[in-house]
Amino acid sequence: MDISFDNTEFAFAYKTDKDLKKASLLFSTMNIGWLVKLGTRLTPWAIKAKLPINGIIKNTIFKQFVGGESLEETKNVVNTLRHYNVQAILDYGVEGKEGEDNFEQATNEFIKVIEYAATQKNIPFISVKLTGFARFGLLEKLDAAANNKDGAEATINTDVLSNEEKAELEKVSVRLIKICDVASKNDIGVLIDAEETWIQDPVDALTMQMMELFNKQKVVVYNTVQLYRADRLQFLKDCFEQAQIKQFILGTKLVRGAYLEKERKRAKEMNYPSPIQPDKPATDNDYNAAIEFCIPRLENIFLIVASHNEFSNLYTTQLLQKQFGSVNHKHIHFSQLYGMSDNITFNLAKAGCSVSKYLPFGPIKDVIPYLMRRAQENSSISGHTGRELSLIKKELKRRAAPQRSP
Ligand SMILES: Cc1cc2nc3c(=O)[nH]c(=O)nc-3n(C[C@H](O)[C@H](O)[C@H](O)COP(=O)(O)OP(=O)(O)OC[C@H]3O[C@@H](n4cnc5c(N)ncnc54)[C@H](O)[C@@H]3O)c2cc1C
């Protein structure tokens, strides 16, 4: 079956003309590089200063990329997606909140989300950021002390921790086990996000431990592999080897990576080699090579292709077709962020693929870091806006054209 991502009628069937016009205006605005640069600097400050900008944000960028301010508010979007055979990955998008009370509250919220997902037909996964319930500084300290740097076998070296910090780490582990346990009982997958390289080693190590505990008979836990890192293709292969040795199924979500500028800036400032690939083609090559590695091993890997790259998505369907004679396989899933690349999501769904929208929710002030990353990703600096905008305009034009009589 030939899949094309050019059909805008399927892609935007769930959007009214008014929604599309609003999206067109938003993407046109995000196309202005200097405005995005200024906006991403000023908005977090304006929110902190309690300036009255919530209304503007809620009606524009929030509405485009976020499911609602509460779990309750995501229901409309989830139901709409279901109508088009599109699933949802719920993400309680609170970032940057620290303190034991906040960590406990976030853990409870993750559990609530899992229990809610279990009642819905089209929410197979939830997404979790470890920094939602673990102190960034603690992870940073563990990362610096990791004894098998950047490897799949990374164990957690607690020698560097004070007794208080050891107790803190124990709590993190208990929270993670609790989340995975509830997810396992409810048959919901837990996707652990990849974050900055300087905290990623303990995130990987804890996630591998969870896979060893929960991924024996089925897959509950998935790690995220960022292929914009030059070392991650090998890391993926090492993780697979570890999974084979320890006899668990590897859950892996492949992404290119969202912290490129931050990573490069820190490496420059602190004078160490950037962990990021030298250029975009190198990232693309490793991303596609990672797909090539996983597809023939789908018996022992559960794969999530999380990307807006048309080639990578199409290439995956071609490899599936070649290997299994079908674009659908029980161990593969596609996903795009809510508000982006509807042409990929809805056309994949139409072709019978298992596909979802990654749908964050949370109070406006808490999802600001997520929104600022989306603004940057969709700005002229990244070049993605052009494609998004041209598809929206194409659909608006198609709808405005006089209908031909049969
Ligand atoms: C379901 C889902 C879950 C996600 N989870 C995570 C997560 O856990 N952690 C995370 O970091 N991101 C995550 N992302 C975000 C994701 O990283 C970005 O949306 C993604 O990087 C955009 O790339 P793309 O695959 O859509 O393709 P494209 O738009 O083709 O590629 C853009 C990407 O290429 C890379 N790139 C761009 N320029 C260069 C350059 N000069 N040199 C090297 N590389 C370059 C960057 O990673 C950039 O984001 C997730 C995305 C989805 C859809």
Side-chain angles (χ1 to χ4, degrees), residues 5 65 67 81 86-91 93 95 123-132 189-200 203-204 207 221-233 251-265 267 274-291 303-316 332-345 348 354-360 369-388:
F5 296 138
F65 296 111
L81 295 175
V86 173
Q87 303 170 62
I89 299 176
L90 281 184
D91 170 45
E95 291 183 36
I123 312 182
F125 309 105
I126 72 142
S127 166
V128 164
K129 268 195 176 40
L130 216 76
T131 47
V190 177
L191 315 184
I192 312 279
D193 274 4
E195 303 185 56
E196 292 87 345
T197 44
W198 54 101
I199 61 160
Q200 193 57 37
V203 174
D204 290 333
T207 308
V221 183
Y222 294 72
N223 199 9
T224 302
V225 180
Q226 296 160 314
L227 278 311
Y228 71 177
R229 285 182 59 173
D231 63 346
R232 292 288 101 166
L233 182 58
T252 188
K253 176 181 89 181
L254 301 181
V255 302
R256 280 179 169 76
Y259 306 92
L260 183 131
E261 283 180 27
K262 209 172 168 186
E263 290 283 353
R264 285 190 169 153
K265 187 164 172 261
S274 166
I276 305 298
Q277 306 268 14
D279 50 32
K280 175 78 164 56
T283 299
D284 292 343
N285 279 343
D286 272 11
Y287 193 92
N288 297 328
I291 296 168
L303 169 65
I304 300 179
V305 176
S307 172
H308 313 101
N309 183 293
E310 293 186 11
F311 178 82
S312 295
N313 280 287
L314 207 55
Y315 186 51
T316 308
I332 191 157
H333 183 79
F334 298 83
S335 190
Q336 290 78 42
L337 303 181
Y338 181 66
M340 286 176 67
S341 299
D342 286 340
N343 63 316
I344 298 180
T345 314
L348 283 177
S354 170
V355 60
S356 64
K357 283 295 193 194
Y358 178 100
L359 188 65
Y370 178 85
L371 289 177
M372 296 304 100
R373 287 201 296 281
R374 298 295 73 82
Q376 274 162 349
E377 187 171 5
N378 286 290
S379 73
S380 54
I381 310 155
S382 79
H384 191 86
T385 324
R387 176 72 174 144
E388 209 72 61

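When a ligand or atom number is given, it counts from 1 through the structure's own listing order. Fair warning: this is a prediction, and the values are worked out from it, not measured in the lab.
The shortest side-chain heavy-atom distance between Phe311 and Asn288 falls under the 4.5 Å cut-off. Side-chain contact between Leu337 and His308: present, with at least one pair of heavy atoms (C-beta onward) separated by less than 4.5 Å. For the pair Lys129/Val203, no side-chain contact is recorded, criterion being any heavy-atom separation below 4.5 Å from C-beta on. Residues Phe65 and Leu371 form a side-chain contact, since some pair of their non-hydrogen atoms from C-beta on lies under 4.5 Å apart.
Note on ring orientation: taking the six-membered ring where Trp is involved, the planes of Tyr358 and Tyr370 are parallel (angle under 30°, cut-offs 30° and 60°).
Residue Arg374 places no N or O, backbone or side chain, under 3.5 Å from any N or O of ligand 1. Ligand 1 has a nitrogen or oxygen under 3.5 angstrom from a nitrogen or oxygen of Ala258. For Ala306, no nitrogen or oxygen atom sits less than 3.5 Å from a nitrogen or oxygen atom of ligand 1, counting backbone and side chain alike. Between Tyr259 and ligand 1, a contact under 3.5 Å exists for no N or O pair.
For Arg373, the closest heavy-atom approach to ligand 1 does not fall below 4.0 Å. Under a 4.0 angstrom heavy-atom cut-off, Glu263 registers as lying outside contact with ligand 1.
At a heavy-atom distance under 4.0 Å, only side-chain atoms of Gln226, from C-beta outward, approach ligand 1. With a 4.0 Å cut-off on non-hydrogen atoms, Tyr287 does not touch ligand 1 at all. The part of Asp279 lying near ligand 1 is the backbone, judged by heavy-atom distances below 4.0 Å. Within the 4.0 Å heavy-atom criterion, neither part of Glu195 lies near ligand 1. At a heavy-atom distance under 4.0 Å, atoms from both the backbone and the side chain of Leu337 approach ligand 1.
Judged by distance alone, the side chains of Thr345 and Gln336 do bring a donor and an acceptor atom under 3.5 Å apart.
Closest heavy-atom approach to atom 35 (C) of ligand 1 among the candidates Lys280, Gln200, His333, Glu196: Lys280.
A salt bridge links Arg256 with Asp284; the closest basic N to acidic carboxylate O contact falls under 4.0 Å.
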